[in-house]
Amino acid sequence: MNKDIKNLVADIKSRFELVGEDYPKDDQAALDFNSRDIHSVLAYVKSQGFRQLSILSCVDWIKDNQFQLVYIVFNWETGIRLQVRTRIDRSNPKFTTVTSIYPGAKYYERDVHEFFGVEFEGNPDSYKQLFLENWDDMPPLRKDFDSKAYSDRKYPVREYAADFSKAGDKK
Amino acid sequence: MDFILSVPAIVVGLFAAAVLAYLLTKANKILGALITVLGSGAALAAMLMLKGDINSVQSLGALGFKLTDYGWFFSVLMLLIFFSVSFFNLYWMKKIIHPAAYNFLYLVALAGTVGAFTAKDFIGLFIFWETIVWASMFIIPFGKSRNASVVYYAFSAFGSLSMLFGILYLYSKTGSFDIQYVLEQASMNTTYALVAFITIGIAGLVKIGVFPFHLWLPKAHGNAPDTFSPILSGGLVKAGGFAAFLAVIVMPSYKVFASNALFLGRELAMPVPNYILVFLGAVSIVVGTLMAIKSEDFKKLIAYSSVANGGYIIIGIAIADSLSVGGAFMHMFAHALASAAAFLSAAAVVHRTGTTKMSELGGLIHRMPLTYLVYLIAIISMAGIPPMSGFISKWMLFQSMIGKGMVFTAAAAFFGSIGSFLYVFRPLSAVFLGQLSPKHESVKEAPFLMQVPMIGLSLLTLLFGVFPNIVLRFISDILKTAGLDGLTLNGLVISGTNGQLNPSLVSLIFGIGFFIALIIFIIHPKSRKVDLMDTYTASEFIYTPELLHYSYAFYAPFERLYENAPSTEKWYAALIKKIEEAGQLVSYTFFNNKPRIIVFWMVCAVIALLWGGSL
Amino acid sequence: MITGILTGFGILLFAFVWQTSLDGINRKIVGRFQKRIGPKWYQQFRDIFKALSKTGVTHGWVFDFGVMMALGGIMATVMFLPVVGYSAFPGMDNFFIFVYLLAVGMLGMAMSSVGSGNPLAGIGVMRALTQMVGYEVPFMIVILGIIFGHNTSSLSELAAIQQASGIMTWNLVKMPIGTVVAYISLLGMLGKKPFETFIAPAEIASGPMVEYGGKQLGMLMIMHEFATFIEVTLFVTLFLGGATTLFGFIAKYFVVYILASLISNALARFKIDQVIKFYYKVPITLAIVQALMVVFLGWGV
Amino acid sequence: MDNTVEKQENIRKGWDGISRFFRANSIWMLMYCTGCCAIELPQAMTSRYDMERLGMGPMATPRQADVLLITGYLSLKTLRRIIYAYEQMSTPKYLVAFGPCTLNGGIYYDSHAVINRLDQYLPIDVYIAGCMPKPEAVMNGFNDLIGMIKRKEANGWKKYEQNKDWYRKNQIQALGELRIKDEFHE
């Protein structure tokens, strides 16, 4: 863990309530916050040189009934990658947009909305389709989405006269 | 009878028709426009009937008229262009601010051209010349821009004053205004000849729009009313060719200045003054071509192409051997027809769509196929491709240039000739081909009376491309009376210094080739008709035709190569700025409200009055 | 007249058969150079007839009309060519006819392809025309020198003059600089690799050809064969002394064309502005030097 | 009367035979490199296996091409574009599918984004097996295609035209609608 990260984390700790922390790599830090703090944290780190929002990701913690939003921001001066994470309720996934801080988040939010169904209030574009053209089912990257069933229902399967896998077993 | 069918009668008749048109337009616009059609048509018919009267002399009061053969040639050409264009006037009455004045000036300009080409005296020439300038100067602001008219007049005034100076100078030396006599006398004396050559030459260069006087052309042609642009480009510009012909050939400059030939030895003898003209012509070919390639506006593009073609004409006249001058005459003829047709098709497009910006148009071939064909034939002629008449003139000019071994001039001419493929193709592709914009979905073909002159001009272009000897025989006679050798014409064959051309044969073989291609096309399986938007887009879905239409900055990679080149336009702008500054300085020092300055000037005036005689 | 036209048909047939076979042989040779077996020598015939037999699409009348104009113009040009002493119209085989009649074909093709409404075709045509401004001017200046020097622009006469005393009177020997320039221009005319910008299959999807399939494509392929024949024959006639025997003609033609093709396979593609910059720096200077040498010093006449 | 009809029929048949001869040995490919199988094409094309000796070569646009190569799995988005490209091709046209993904979905059999059977949506003339098929297999597949063209068996395009409704129904079922129009496709 290098010095820049130490200073940064100490700085952030002094200002915000940190829920959890993790250091996956030498130049990376993953910090968990309460969801109400996210906007102020992002605004703060942006002022500290993290000008690039590399990606907005989402993790489906189905057992905890939670979605985890991961904002990965990057500092071009120090080369530090910072993950700003928070958890939101899965049954009613709603969050407020960060497009006012990082305008580029517009497309990432659309992405997350499309694949996980998280709604971002204040970003009207996030309801439009982005990757999946004419998607007609529940968001496909949720853990409770059954890809096989969907595939079987939607795309005809080839029927074979003999079951080759079992035929092989007999011999 | 003698007077009724004579040149003065035509001129007077046209003036009378102009007044009549003015009065009738006040009552009924269409009727007034009809007068322009009838007037120019009758004048054309009369002029054609006068072919037998060439070299007859008539006078109208103080003004003498002499119908020379070249004067007849130019007059018929002008009348033909005016007559063709006048059909368009019928449709433009609603669009022009002052229709009555327009019709009046239209016929006055025509009368001026006929008068100028048939004047016996220099004074008559000058009066009619100014008539053309003034009439067209008042017509141009009926279009888009008043500024264009100012630029036009500034350049024209320069040319006219130069000519006036020459006329008066020669009068003071020879004591006569008679064109033929004065020029004969001038050719006896190198100094007089040089003055005549420069002054009248400049008038011609300005009118034909040769570098560095080319700036008014795109401005005036691009902004004039759509019906007047073909007149300017096809017709009035060629008056410059007339003046240049007077200065170079009628006064045989190539003989007068023969002693100071530039390159001695072999057949390269070329007098310096003539070579300067050739050089200016070459520069204007290059400049006109480059600027035309760059233009985004349909009409401006054709205007710049007129600059380039003016360069060919000047080169042809200045080389001054029979083939080159014949080529220049043929080029004037071919280019007048072609550029008038091109401008008329532009006018038809404007009539239907209301814009000349090429990036806003596209795909009009599916709505205006006839206009497209007219434009196609016009550009084939302008680019000098057989079987149209433009090919003949370019062939003759090239023969002459190569025969003289003029490497640099020929390089410029080759560049202009290949470059013309670029700029003539631009509107073809951007306006007529490509994707049809949805806002032009309901555009219709040009109305019937507009089609008539367009088709007529196209057929003439084709006719004189296949059988150019009809014109070339007459041109040959002109050359003979001007003291040059005639052209070598043999049946359908034209002979140059180093080769022969049989345009009819070329056309026939082209026809055969096309026929074979047609047969190949017909015997093979029929194609499936698909929509214009069903094109290869790397299998991506695109719905907006405008996005699939490649028209803006068409030759961008080529334009980038010369975008930083020195520009005459900027040079003139700087000149204007300098003059303005000088004027401000003058007005600051002399014309202001400070009492002491006024007192100073009053004192000066009093002194001048008191001692004026002795000062 | 009739015999002339029949001779023209003969030349047309010869041009098609010979150039199309040579194209196949060329593909074979290129294959061998790349350590491949390569296609059969008559592969090009197969391709052309296959294309003709397919059912393509049409985008309106100008799409078809332009193709016919292109093929017709090019065929007319071929019929004027003097080949091995046979000339359909003796005395009328003026150099400028070839330059400008060729342009009819090019205009037809450009018109037709842009008429398809595909922007890639427009870009391809733009590049083709721009490239034409590049290669045509140096070429014409060299030709100016030749015509001025020999005082004739008739191809058959030019060939006859060069055949006067063997290889020493060829323009290749007498005007070596001009020959080099003309060969570089020839590469541009043929659209061989450093100057292949307007086709550029990986970049603009073969440019003007993008929308053609079926018989239109077949006709344009025939047109391309004819155009190649005209360009190479012009070079052979103007610089290599033409030919008096069929074998001589075929041999010269073979060398010129295969060399161009081998150069093409060894080089990469220029960008279009590089093409123009190149032509207006080196070849045009050399061409003017050559022309001045001919005109003022009388060298190479 | 019958005689002339018969004659015309014979001429048509003869012409058909000639054109099939040309077609069989001049196949231009449109490579829609959708998946991993595309990596095997360079070997098949270059010196080792030299596809050009069969008269095959790459082409830039669907209009010019005779055969469309589907090299591997097809996501829904790709399928949409493939159908568009296929319908733009000039007839007669052929379709060669590579690998198991086009056959039954391959390793993507349970993916929500990848189709299972390509022959439900487009008519396929030749399948080439192998994940990925070796260049030998690719060449063999092309040889098969040439044989089929010669024997008049490569009639996928006719089948497509005749059963267009059925294909269209399947396409709509998988894709919702064939063409997509949103802010990225104006």
Side-chain angles (χ1 to χ4, degrees), chain B residues 268 363 365-366 380 383-386 391 395 398-399 402-403 405 407 410-411 414-415 418-419 421-422 425 428-429 433-435 498-502 505-506 509-510 512-518 520-521 524-530 532-533 535-536 538 548-550 554-555 557-558 560-561, chain C residues 5 52-53 55-60 62 64 68-69 71-73 75-76 79-80 89 91-92 94 96-97 100-101 103-104 107 110-111 114-119 122-123 126 129-130 132-133 136-137 140-141 144 147-148 151-154 205 210-211 214-215 219 272-273 276 288 291-292 295:
Chain B
L268 294 164
I365 182 173
H366 304 286
I380 290 179
I385 297 174
F391 172 63
W395 184 82
F398 284 159
Q399 285 283 315
I402 291 181
V407 178
F414 292 150
F415 176 78
I418 307 295
F421 296 165
L422 267 73
F425 189 72
L428 192 74
S429 131
L433 302 173
Q435 297 288 347
N498 46 39
Q500 295 176 309
L501 176 71
N502 186 342
L505 180 70
V506 174
I509 299 301
F510 177 57
I512 292 176
F514 188 85
F515 185 67
I516 301 175
L518 184 70
I520 296 179
F521 187 83
H524 285 105
K526 214 164 171 265
S527 306
R528 184 165 54 95
K529 176 93 177 69
V530 294
L532 262 184
M533 284 300 286
T535 64
Y536 171 71
L548 265 187
H549 185 49
Y550 176 61
F554 199 77
Y555 293 109
F558 188 55
R560 238 176 273 137
L561 296 179
Chain C
I5 291 174
L52 283 173
S53 77
T55 306
V57 294
T58 171
H59 284 276
V62 73
D64 301 336
M68 285 184 261
M69 186 169 148
L71 186 56
M75 286 203 285
M79 286 167 80
F80 276 96
F89 310 103
M92 298 298 162
N94 200 290
F96 292 100
I97 291 180
Y100 285 97
L101 252 181
V104 179
L107 178 69
M111 214 166 79
V114 177
S116 71
N118 195 312
I123 294 172
M126 175 273 280
L129 288 171
T130 311
M132 200 169 176
V133 172
E136 206 71 82
V137 176
M140 302 263 272
I141 294 174
L144 177 146
I147 296 178
F148 181 82
N151 207 16
T152 174
S153 57
S154 156
V210 60
E211 275 300 301
K215 61 178 169 181
M219 286 167 76
I272 186 65
D273 42 349
I276 294 288
I288 287 180
L292 290 179
V295 172

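All of these numbers come straight from a predicted model, not from anything done at the bench. When reading the values below, keep in mind they use all heavy atoms of this one structure, side chains included, and skip hydrogens, waters and symmetry mates.
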Which bit of [X] comes within less than 4.5 Å of chain C, counting heavy atoms only: side chain, backbone, both or neither?
X	value
Leu548(B)	both
Ile516(B)	both
Leu561(B)	side chain
Ala538(B)	neither
Phe391(B)	side chain

Subject >> Top contributor to chain B contacts, counting heavy-atom pairs under 4.5 Å, from Thr58(C), Thr130(C), Leu71(C) >> reply: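 Highest number of heavy-atom pairs under 4.5 Å: Thr58(C).
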
**OP:** Determine the minimum heavy-atom distance between Ala517(B) and Met219(C), stating which atoms define it.
**Re:**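 Heavy atoms of Ala517(B) and Met219(C) come nearest at O-CE, 3.5 Å.
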
Of the backbone (N, CA, C, O) and the side chain (C-beta and beyond), which part of [X] lies under 4.5 Å from a heavy atom of chain B, both, or neither?
X	value
Ser154(C)	backbone
Leu101(C)	both
Met132(C)	both
Thr152(C)	both
Ile123(C)	both

Is there side-chain contact between [X] and [Y], with heavy atoms separated by less than 4.5 Å?
X	Y	value
His59(C)	Val530(B)	yes
Trp395(B)	Asn94(C)	yes
Met126(C)	Pro557(B)	yes
Phe558(B)	Leu129(C)	no
Phe425(B)	Val114(C)	yes
Val506(B)	Tyr100(C)	no

Subject >> Contact winner vs chain C - Ile509(B), Leu501(B), Ile365(B), heavy-atom pairs under 4.5 Å >> reply: Ile509(B)

**OP:** Considering only heavy atoms and a distance below 4.5 Å, find which of Phe515(B), Phe414(B), Tyr555(B), Phe521(B) pairs most often with chain C.
**Re:** Phe521(B)

About how many Å separate [atom2] of [Y] and [atom1] of [X], when rounded to the nearest 0.5 Å?
X	Y	atom1	atom2	answer
Met75(C)	Ile512(B)	CE	CD1	10.5 Å
Phe514(B)	Met69(C)	CZ	CE	8.5 Å
Ile380(B)	Met111(C)	CD1	CE	7.0 Å

Original post:
Are the side chain of Asn118(C) and the backbone N or O of Tyr536(B) linked by a donor-acceptor pair below 3.5 Å?
Top reply: yes

